[in-house]
Amino acid sequence: MKNLFKQIPQVAKILDDKDVLLRTSFYLSEVKEEVETELNIIRKEIKNELITDLEYQTVIDRILNRLDNKHQFSLRRVINATGTMLHTNLGRAVYSNKVAENVQTVLTGYSNLEFDLSSGDRGSRYAHINESFSKLIGAEDVLIVNNNAAAVMLTMQAFAFGKEVVVSRGELVEIGGSFRIPDIIEASGAVMREVGTTNRTHLKDYKKAINDNTGLLLKVHPSNYHIEGFTKEVSVEELSTLGKLVVEDLGSGVIESLQSYGLRERTVQEALKSVDVVTFSGDKLLGGPQVGVIAGKKEFIEILRNHQMTRALRVGKMTIAALEALIREYKGGMKTPLKTMLDLDLVELSKRAEFLKEHVHNYVVEVVDCDSTVGGGSLPTSKIKSIGVSISHTELNAIKIEKKLRSNKIPVIARIQKDRLILDMRTLLNDDLEVIKDCLND
Ligand SMILES: *Cc1c(COP(=O)(O)O)cnc(C)c1O
């Protein structure tokens, strides 16, 4: 034991080691602290007879490993092998390279965020996107705020503060735990006026509820649940005949029909034909940055734009740069990464699965059928046929394998289904397959 203690290198020597010196992104004081911590751990391990020999290189490797782990950002890239394309916990929509490049360009220099280049006067941050975005989604006007929750809240506050918001009992939904329709109406200073029942609401229910103190009629996309059986809901077309402002929270904004994927969802353009104001998220089916889009008739959007709350909900230059590039991609007929994912056919997906089956040696890899979902509170009941691999091992159960994948330097997020670990091939991007292969072979 005594000998082992003697073999612990001097801190100064370690700090002079060329491999340690290469970690130039750290302050020396930080490196020293980490070296001392690791040496203390080694001392304890020697004392407890957990190690029986100690090589210089082992010590260096342990320190380098420690520094690398410490160097990881908290928010970082992970691999989504869950098959849920818009996974709220994994950051929802993925940006295309073009969109990301534009964000980088705008961020690493000054920009004309609120500067009118033609007049030299102060400009509006919204001016960069208002016209092109309105045109793209077929709206008279549009306003962008921080997210759809903010969009709904602002709309309620501006048009129904101290007044009643009429909403069907079948649409009082909770989305992702913290967005709940009754709570957001209350928080905005409006009073919720529930009509109908959970499964059936009629036009006459709305008619009966309308009075002088009605601020607006709210229609909400149920997003993450679906009721079947003896049901009835009132369309916005019918609601728009009642002479009150009609607002629809679309949840996920689809601007191109997804019928060809078997996904039936009303588009923003269709909704705008009969609704005064719609709201939706930017990072769900639209495939863009986290924003809330409020679109509709000019007279209403104008009121929202001038509302005091709007200043508190405004978006930053990062978001506007991303959104403007996304709009251009749509106009150019480019596919968003989400659409590319949806377009992957079973042949393509099988190739990915076969690659892992062929190249992973430490585990049993089987190619299996599975279902991907769109996610993000969109299209709750639609499943899309996909191909995955199941990963198993004679000595490790699915929980252990899941943990190993999740602990990888680039974490791989998988799902466990009936005690089996499944990696869905559809949500993989770029070099994800290589990373998964290396992780499992390690
Ligand atoms: C997702 C969703 C929201 C919340 O949108 P965020 O952009 O996450 O704030 C609100 N309403 C509906 C119907 C939704 O589906």
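When a ligand or atom number is given, it counts from 1 through the structure's own listing order.
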Next on the checklist: I need the minimum non-hydrogen distance between Val152 and Thr279, along with the two atoms involved.
Outcome noted: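 Here Val152 and Thr279 meet closest at CG2-OG1, 3.6 Å.
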Next on the checklist: Minimum distance, heavy atoms only, to atom 12 (C) of ligand 1: which one of Val291, Val173, Ile175 is it?
Outcome noted: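 That would be Ile175.
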Checklist entry - So which of Ser223, Gly282, Ser252, Ala151 gets nearest to atom 15 (O) of ligand 1, if we judge by its closest heavy atom? => result Ser223
Checklist entry - According to the side chain to side chain donor-acceptor pair (under 3.5 Å) rule, which pairs have a member within residues 102-114, sequence neighbours left out? => result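 Qualifying pairs: Glu114-Arg122, Glu114-Arg125.
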Go through ligand 1 atom by atom and flag the ones less than 4.0 Å from a non-hydrogen atom of [X].
X      : value
Lys284 : 1 (C), 2 (C), 3 (C), 14 (C), 15 (O)
His221 : 13 (C)
Ser281 : 5 (O), 6 (P), 7 (O)
Arg92  : 6 (P), 7 (O), 8 (O)
Asp249 : 10 (C), 11 (N), 12 (C), 13 (C)

Can a salt bridge be assigned to the pair [X] and [Y] using a cut-off of 4.0 Å between side-chain N and carboxylate O?
X      : Y      : result
Arg305 : Glu302 : yes
Arg92  : Asp283 : yes
Arg77  : Asp432 : yes

Next on the checklist: Given Glu248, which partner from the list Lys273, Lys219, Arg266 fulfils the salt bridge (Lys or Arg N to Asp or Glu O under 4.0 Å) test?
Outcome noted: Arg266
Checklist entry - Do any nitrogen or oxygen atoms of Asp283 come within less than 3.5 Å of a nitrogen or oxygen of ligand 1? => result no
Next on the checklist: I want to know if ligand 1 touches Gly251 in the polar sense, i.e. an N/O pair below 3.5 angstrom.
Outcome noted: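 Checking ligand 1 against Gly251, no N or O pair falls under 3.5 Å apart.
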Checklist entry - Would one find more than 12 heavy atoms of other residues, nucleotides or ligands at under 6.0 Å from atom CG of Leu117? => result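 Yes.
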